[in-house]
Amino acid sequence: MTKLALITGASRGLGFALAEALAPAYHIIAVARTVGGLEELDDRIKARGGEATLAPMDITDAKAMAHLCRSIHDRWGPPANTGDGVVALWAHTAIHAAPLTPAHHLDAKDWAKSLRINVDALGHLIPYVAPLLGEDGRALFFDDPMGGEKFFGHYGTTKAAQIALARSWAAETARLGPRVEILNPRPMATATRARFYPGEDRAALAGIADEAQRLLAALD
């Protein structure tokens with residue numbers, strides 16, 4: 001049976017590149033709001049001889065995520081009573097990058113959206129996905145240590161909170177699984193970074209596809 005990889009935030013950037021790199025060794029379950037990006041990913045995966053299931057959903061919609069996870073279980077599970085999960089790998093790359101601004105100019109809507117996508121979504125995603133991973137699955141999160149940097153109040157604060165939760169989960173599951181890992185990508189030429197550093201020389205940044213391959217190759 002083909003292994004399953006669940007990618008949340010798969011329509012662009014690192015999520016897109018990870019999904020493409022994992023195919024065709026994995027059947028990709030690609031989650032994102034942007035339908036066009038998912039369709040492009042599907043074309044790229046098929047060109048590599050792989051298969052994908054597209055899930056154009058909002059990760060902040062707890063009911064939609066519950067339905068997706070139940071559907072994954074019903075379609076590919078349940079596993080035998082061995083502790084094995086249905087999903088072998090979950091990579092969470094979905095992120096909201098609100099505009100840079102001084103702390104005393106934080107925008108209420110940007111703050112609320114940053115919390116909703118970068119933090120609150122994990123409050124239901126982890127409980128829903130964990131049973132699919134079982135004891136032997138692996139969850140990947142991606143650090144971006146901008147918390148405390150000037151003007152990064154929206155993004156840095158909520159990204160740091162996201163990683164703090166992932167670290168707690170990693171500590172809790174270290175002995176029994178699933179394996180939770182926090183990876184450190186190099187600066188990449190993503191749309192998110194372009195919003196923060198619009199005048200940066202992008203030629204000096206890591207290629208997104210190359211960085212996805214490097215991160216996956218570093219997994220033991």
Side-chain angles (χ1 to χ4, degrees), residues 1-32 37-38 41-42 44-46 48-57 59 65-66 68-80 82-95 121-122 124-144 162-163 165-185 188 190 208-220:
M1 178 179 175
T2 303
K3 295 183 292 184
L4 302 181
L6 172 65
I7 314 294
T8 40
S11 64
R12 63 180 181 177
L14 183 60
F16 187 108
L18 288 168
E20 186 177 7
L22 288 166
Y26 292 78
H27 180 100
I28 305 298
I29 303 169
V31 182
L38 290 177
L41 174 64
D42 190 40
R44 299 278 284 271
I45 288 174
K46 287 178 179 176
R48 294 172 66 96
E51 294 183 347
T53 297
L54 306 184
M57 296 178 174
I59 63 164
M65 291 301 100
L68 172 65
C69 291
R70 179 69 196 191
S71 296
I72 292 170
H73 181 273
D74 289 347
R75 178 176 175 182
W76 285 285
T82 61
D84 293 340
V86 179
V87 172
L89 177 68
W90 172 33
H92 182 64
T93 64
I95 199 72
L122 284 188
H124 53 257
L125 284 175
I126 290 176
Y128 292 162
V129 176
L132 298 177
L133 294 171
E135 296 176 0
D136 298 327
R138 173 178 271 171
L140 305 180
F141 297 88
F142 304 88
D143 200 3
D144 189 356
Q162 179 190 99
I163 296 302
L165 178 55
R167 291 190 191 285
S168 292
W169 190 26
E172 294 155 5
T173 60
R175 188 169 66 89
L176 297 177
R179 187 167 181 177
V180 179
E181 300 191 54
I182 298 162
L183 306 181
N184 295 280
M188 296 174 287
T190 61
I208 304 171
D210 292 340
E211 191 62 6
Q213 293 282 2
R214 185 189 73 83
L215 292 168
L216 292 173
L219 299 176
D220 56 22

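Inter-residue side-chain proximity for Val129 and Cys69 is flagged as met; some heavy-atom pair is nearer than 4.5 Å. Contact check for Ile7 versus Leu22: side-chain heavy atoms found under the 4.5 Å cut-off. With a 4.5 Å cut-off on side-chain heavy atoms, Ile59 and Val31 count as touching. Taking 4.5 Å as the limit, some side-chain heavy atom of Leu215 sits within range of a side-chain heavy atom of Leu14.
Between Leu38 atom CG and Phe16 atom CZ the span is 9.0 Å, to the nearest 0.5 Å. Here OG1 of Thr2 is found 11.5 Å from OH of Tyr26. Values are rounded to the nearest 0.5 Å. In this structure, the separation between CZ on Arg179 and CG on Leu89 is 11.5 Å, given to the nearest 0.5 Å.
The heavy-atom pair separating Ala10 from Ala32 by the smallest distance is N-CB, 3.9 Å. Leu6 approaches Ile72 most closely through the heavy-atom pair CD1-CD1, 4.5 Å. Val86 approaches Gly77 most closely through the heavy-atom pair CG2-CA, 4.0 Å. Closest approach of Ala91 to Leu18, counting heavy atoms only: CB-CD1, 4.2 Å. Taking each heavy atom of Ala209 and Ala17 in turn, the nearest pair found is CA-CB, 4.0 Å.
Side chain of Thr93 to backbone of Thr8: a donor-acceptor contact under 3.5 angstrom is found. Remark: the backbone N or O of Glu20 is paired with a side-chain donor or acceptor of Arg48 at under 3.5 angstrom. At distances below 3.5 Å, at least one donor-acceptor pair connects side-chain atoms of Thr173 with backbone N or O atoms of Pro178. Judged by distance alone, with hydrogens and angles left aside, the side-chain atoms of Thr53 form no donor-acceptor pair with the main-chain N or O of Ile29 at under 3.5 Å.
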Can you list the steps and then say if His92 with Leu122 is a side-chain contact (heavy atoms from CB on, under 4.5 Å)?
-> CA-CA 9 Å; His92 182 64; Leu122 284 188; 3.8 Å; yes
Please walk me through it: do Arg167 and Asp143 pass side-chain contact (heavy atoms from CB on, under 4.5 Å)?
-> CA-CA 11 Å; Arg167 291 190 191 285; Asp143 200 3; 3.5 Å; yes
Test log, rule side-chain contact (heavy atoms from CB on, under 4.5 Å), inputs Leu219 and Arg138 = CA-CA 10 Å; Leu219 299 176; Arg138 173 178 271 171; 3.3 Å; yes
For side-chain contact (heavy atoms from CB on, under 4.5 Å), just list the numbers for Leu125 and Trp90, CA-CA rounded to whole Å, side-chain angles, deciding distance to a tenth of an Å, and then say yes or no.
-> CA-CA 11 Å; Leu125 284 175; Trp90 172 33; 4.0 Å; yes
Can you check salt bridge (charged side-chain N to carboxylate O under 4.0 Å, His left out) on Arg214 and Asp210, steps first, answer last?
-> CA-CA 6 Å; Arg214 185 189 73 83; Asp210 292 340; over 6 Å; no
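Note on ring orientation: taking the six-membered ring where Trp is involved, the planes of Trp76 and His27 are tilted (angle from 30° to 60°).
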